[in-house]
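Contents: one structure, followed by commentary.
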Amino acid sequence: MGKFYVTTPIYYVTAKPHIGHAYTTVIADILARWHRLKGEKVFFLTGTDEHGGKVEKYAADAGKSPKEFVDDVANSYKFAWDSLNISYDKFIRTTDKEHEVAVQRFANLIWDNGDIYKSKYEGWYCLPDETFIPDSEITDEKCPYCGRPVQRLQEDAFFFSLSRYREPLLRVFDENKTFLMPKSRYNEILNRLNDELKDLDITRKSVKWGIQFPPSPDHTIYVWFDALLNYISALGWPDGENFKEFWPADVHVVGKEIAWFHSVIWPAMLLAGDISLPKAVLSHGWWTVDGKKMSKSLGNVVDPMDIIKRYSEDAFRYFLIKEKPIWEDGDFSEKALVSRINGELVADLGNLVSRVLTLASRYKGEIAGDIDLENADIDKISSLFDSFDVTGALEEVWKFIRSVNKYINDKEPWKLEGAELGRVLNNSLEAIRVIAILLEPFMPASAVKIREQLGVRETKFSDIKLSTFNGSVKRGENLFKKYD
RNA sequence: AGCGGGGUAGAGCAGCCAGGAGUGCUCGUUGGGCUCAUAACCCAAAGGUCAAUGGUUCAAAUCCAUUCCCCGCUACCA
C-alpha cells in the first residue's frame, strides 16, 4: 500500500481566506481524497504562517496582541476549510511549540554544518513602525503602511549560503524534469537558476514576533525560513513516526508566485540539512475577478464563505476546478459560476440523477441484467491524476455523465417494461453509483447525497465498475438548485 | 528592461513540441427528436483569411525570422 503526502502552503495571517487560498486548498484536498480512494495512506497538511514584522503591525492596528491576532485568523482559516469540506489531517501553525523547536533545531544543524554566516542586511526601514519593508513594496521611498518616508538602514544579519547550492539544484532540475510543474514554470525557474544565486538573509534583529535564532538570541528567524520548515516539523522531524512514514512529500501545491521559494530555497535548505527532497512542486495559476486582478484596493477580493453561503461548497469546488486548467490563470465571476451550475451541475449531473431515480422508483421489478453501457475510462482518469491534472480528470468524469444521459435517450426506458427495463435501469443506476465514487474527491457532499438516494455505501476504488445494482432507491431532493 | 505565457467560429478553450484537407471540446444561436427528468436530455446545422508579414517545404495553425497587441513574473500576495 502506497503513501501520499500532500501540502498546501501555510497561509500568511495578514489576509483572511480568499478565493486564492481556497483554490490551492481545494486542489490539495482533491488529490488527498483521490489517493485515499485508491487505498493509500494519506497525510494532508495545511496551516497558517504566523510570524514576522508584518503580523506585529497588523495586530497592533487591530488593537490586539500578536498572539490574540493570529489565534483569530487561524480560526477563520479552520472555519473556512471546514465549510469547504477540506479533509486535512493536520493544521499546523508556526506558533506551535513543536514547530518552533524544530525550526531552532534545523537552524542549529545547518549552522553547525557551516551553511550560515554573519554579515549585514541592508533594506528600507520605517522608523515610526520600527520595521524593514521589502523593496518590492516600496514606492517613492514611502512606507506602504503609514505613508511616511523610509530610509536605507543596515543591521547585523545571518545569511544562509544559498549560492553554494546552485549546482546541486541544477542537478535536481536536470534529473527530475517534473520536479516543478508545469513545464513553463520549470523553464522559468531554471532560467533564473542559470544566472546567479544570492545568499539569503535569514534573521531579523528588528522583528520581535518570531522564532529566536539560537546562535544569536537577539535575532529572530526570517519568516520564510521559518515557514518552509513546516512541511517537516508537522511530521515531527527528525524522529517522529510521521516523518519516517510520509517524508518526502509527494507534492507541494503552491501558487505560481511562490514557486521560487518551493523549488529553489526550500530544496536548498533540505540539501543543507541533508534531508531528502520533495518529489514535486505543483505551481498553479491565479484567479482574476471579473477580468481584473484581485486586490484589496479594488475591493474585489472574493470571500469563499460568501460564495458558499449563497451557492454551495460543492458548486464552488466544482467551478474552481472545472473553469480553468490549474496551470493557467483564469477569471472568476458570478456569471460564469451560475452558468456552470445551471448548465452542468443541474442540467448534466442533477438531471441525470433525477430522471433515473424517477424511473427506478416507479419500477417494481428486478433491477438486473447485462451491462451494455461503456464504463468510465478509469485508466485515463488515473493517469490524469498522476500528472496532477485534476481539471482533465473532472472533464473525463463529465464525459461519462454525458454518455449516460445519451444512453438513456437512446434506450428510451420510459417506453420499456419488464426485464428489458430492469436491464436499462441497472446500467443507469450502476453508472450513477460509479459517478458518485468518481465525484467523491471533487464534490464530497454531493457524492454522499447521491449515495443516500441510491441507498448504497461503496466508496472503494475497486467499486468503480459497472456491475449489478444492489442498493435501494429512494428519490430525494434535487442535488443542485438552478439560479436565475 | 530582463524572463515567461498568450493572440484559433459570437464567448471561453484544446490542437502546435514529433508539419499532412480548419480537426475537436464547452457555452451561445438556429432547426429537429424525445417527453423519464430541474423548460431538462439527445441529434443536426450555421459560424473561422488559425494576430500580421516574410521564409523553409510537395504540404504550415503547427517549423524559422520579423512586427503588432494582451497578460504574468522579477525574490514576504494562492
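Below, all heavy atoms of this structure are taken into account, side chains as well, without hydrogens, waters or symmetry copies. Convention: sequence-line order gives letters A, B, ...; per-chain numbering from 1.
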So A:Leu357, base contact, sugar-phosphate only, or nothing? Heavy-atom distance under 4.0 Å. nothing
Distance, C1' atom - from B:rU29 to B:rG10, rounded to whole angstrom: 8 Å
At 4.0 Å (heavy atoms only), tell me whether A:Trp398 reaches a base, stays on the sugar-phosphate, or touches nothing. nothing
Measure the acute angle between the ring planes of A:Phe442 and A:Phe385, then classify it against the limits of 30° and 60° as parallel, tilted or perpendicular. tilted
A:Glu257 atom CD is separated from B:rC76 atom C1', nearest whole Å, by 10 Å
Looking at every strand, decide which applies to A:Asp348 at a 4.0 Å heavy-atom threshold: base, sugar-phosphate, or nothing. sugar-phosphate
Base-pairing mate for B:rU57 - Watson-Crick or G-U, with both contacts under 3.5 Å: none
In Watson-Crick or G-U wobble terms, with both distances under 3.5 Å, the base opposite B:rA75 is none
Whom does B:rG19 pair with, Watson-Crick or G-U wobble, provided both distances fall under 3.5 Å? none
Is the base of B:rC41 touched by the side chain of A:Asn409 through a donor-acceptor pair closer than 3.5 angstrom? yes
Enclosure of A:Glu374 CD (heavy-atom neighbours >12, cutoff 6.0 Å): no
Under 4.0 Å between any heavy atoms, over every strand shown, what does A:Thr358 touch: base, sugar-phosphate, or nothing? Just pick one. sugar-phosphate
For residues A:Phe158 and A:Phe213, establish whether the separation of their ring centroids is below 6.0 Å. yes
Nearest of B:rU38, B:rA78, B:rA75 to any side-chain atom of A:Val346? B:rU38
A:Tyr11 and A:Trp81 aromatic ring geometry - parallel, tilted or perpendicular at 30°/60° bounds: perpendicular
Short side-chain donor-acceptor distance under 3.5 Å, A:Asp348 and A:Trp398: yes
Might you work through the side-chain hydrogen bond (donor to acceptor under 3.5 Å, both in side chains) test for A:Arg185 and A:Ser283, ending with a clear yes or no? CA-CA 8 Å; A:Arg185 200 95 53 218; A:Ser283 151; 2.8 Å; yes
Look at A:Lys415 and B:rU35 and indicate whether a side-chain polar atom (N or O) is within less than 4.0 Å of OP1 or OP2. yes
Whole angstrom is fine here: how far is it from NE2 in A:His18 over to C1' in B:rA78? 6 Å
Would you classify A:Val254 as touching base, sugar-phosphate or nothing, given that sugar-phosphate means primed atoms plus P, OP1 and OP2, and contacts are heavy atoms under 4.0 Å? sugar-phosphate
Is any side-chain N or O of A:Tyr222 closer than 4.0 Å to OP1 or OP2 of B:rC76? yes
Nucleotide nearest A:Arg402 (side chain, heavy atoms from C-beta), chosen from B:rC41, B:rU26, B:rA75: B:rU26
Let's see if you can work this out: which of B:rU26, B:rA78, B:rA75 has an atom nearest to the side-chain heavy atoms of A:Glu344? B:rU26
Would one find a side-chain N or O of A:Lys335 under 4.0 angstrom from OP1 or OP2 of B:rA11? no
Output the rounded distance in Å from CD1 (A:Ile326) to C1' (B:rA78). 12 Å
Assign A:Gly255 to base, sugar-phosphate, or nothing according to its heavy-atom contacts below 4.0 angstrom with the strands shown. sugar-phosphate
Expressed as a whole number of Å, how far does the P atom of B:rA11 sit from that of B:rU49? 12 Å
Would you mind reading off the distance between A:Glu323 atom CD and B:rA14 atom P, rounded to a whole angstrom? 13 Å
Report yes or no: is the cationic atom of A:Lys324 (NZ for Lys, CZ for Arg) closer than 6.0 Å to the six-membered ring centre of A:Trp286, at no more than 45° off its axis? no
Between B:rC27 atom C1' and A:Asp331 atom CG, what is the distance in whole Å? 15 Å
P spacing across the pair B:rC41 / B:rG48, given as an integer number of angstrom: 27 Å
Separation between the C1' atoms of B:rG15 and B:rA60, rounded to whole Å: 14 Å
Atom pair distance, as rounded to whole Å: CG in A:Asn427 and P in B:rC36: 20 Å
Pairing check on B:rC13: which nucleotide meets the Watson-Crick or G-U wobble criteria with it, both distances under 3.5 Å? B:rG24
Between B:rG72, B:rA78, B:rU26, which nucleotide gets closest to the side-chain atoms of A:Lys256? B:rG72
At under 4.0 Å, does any side-chain N or O of A:Lys406 touch on OP1 or OP2 of B:rC43? yes
Is it true that the NZ or CZ of A:Lys78 lies under 6.0 Å from the centre of A:Phe91's six-membered ring and within 45 degrees of the ring axis? yes
Please report the distance, rounded to the nearest Å, between NZ in A:Lys481 and P in B:rU38. 16 Å
Which nucleotide in B:rA78, B:rA75, B:rC25 has an atom nearest any side-chain atom of A:Glu395: B:rC25
With respect to A:Trp266, which candidate in A:Phe261, A:Trp260, A:Tyr231 satisfies the ring pair (Phe, Tyr, Trp, His ring centres under 6.0 Å) definition? A:Tyr231
Let me spell it out: for each of A:Asn405 and A:Arg340, pick the nucleotide of RNA chain B with the closest heavy atom. Which residue's pick is nearer the 5' end? A:Arg340
Using Watson-Crick or G-U wobble geometry with both distances under 3.5 Å, which nucleotide pairs with B:rG31? B:rC43
Using the C1' atom on both, measure B:rA59 against B:rG12 and round to a whole Å. 31 Å
Please classify the nucleic acid contact of A:Arg185 as base, sugar-phosphate, or nothing, using heavy-atom distances under 4.0 Å. nothing
Rounding to an integer number of Å, can you tell me how far A:Phe319 CZ sits from B:rC27 P? 15 Å
The side chain of A:Leu359 lies closest to which of these nucleotides: B:rC36, B:rA78, B:rA75? B:rC36
With the side chain of A:Arg355 defined as its heavy atoms from C-beta on, choose the nearest nucleotide among B:rC41, B:rA78, B:rC42. B:rC41
How far does the P atom of B:rC50 sit from the matching atom of B:rG33, given to the nearest Å? 37 Å
Whole-angstrom distance between B:rA44 and B:rA39, as gauged at atom P: 24 Å
Testing B:rA78, B:rC34, B:rC76 for proximity to the side chain of A:Glu412, the answer is B:rC34
Rounded to whole angstrom, note down the C1' distance from B:rC16 over to B:rA51. 16 Å
Answer with base, sugar-phosphate or nothing: what part of the nucleic acid does A:Phe480 contact at a heavy-atom distance below 4.0 Å? base
Between A:Trp414 and A:Trp286, the residue closer to the 5' end of RNA chain B by nearest nucleotide is A:Trp414
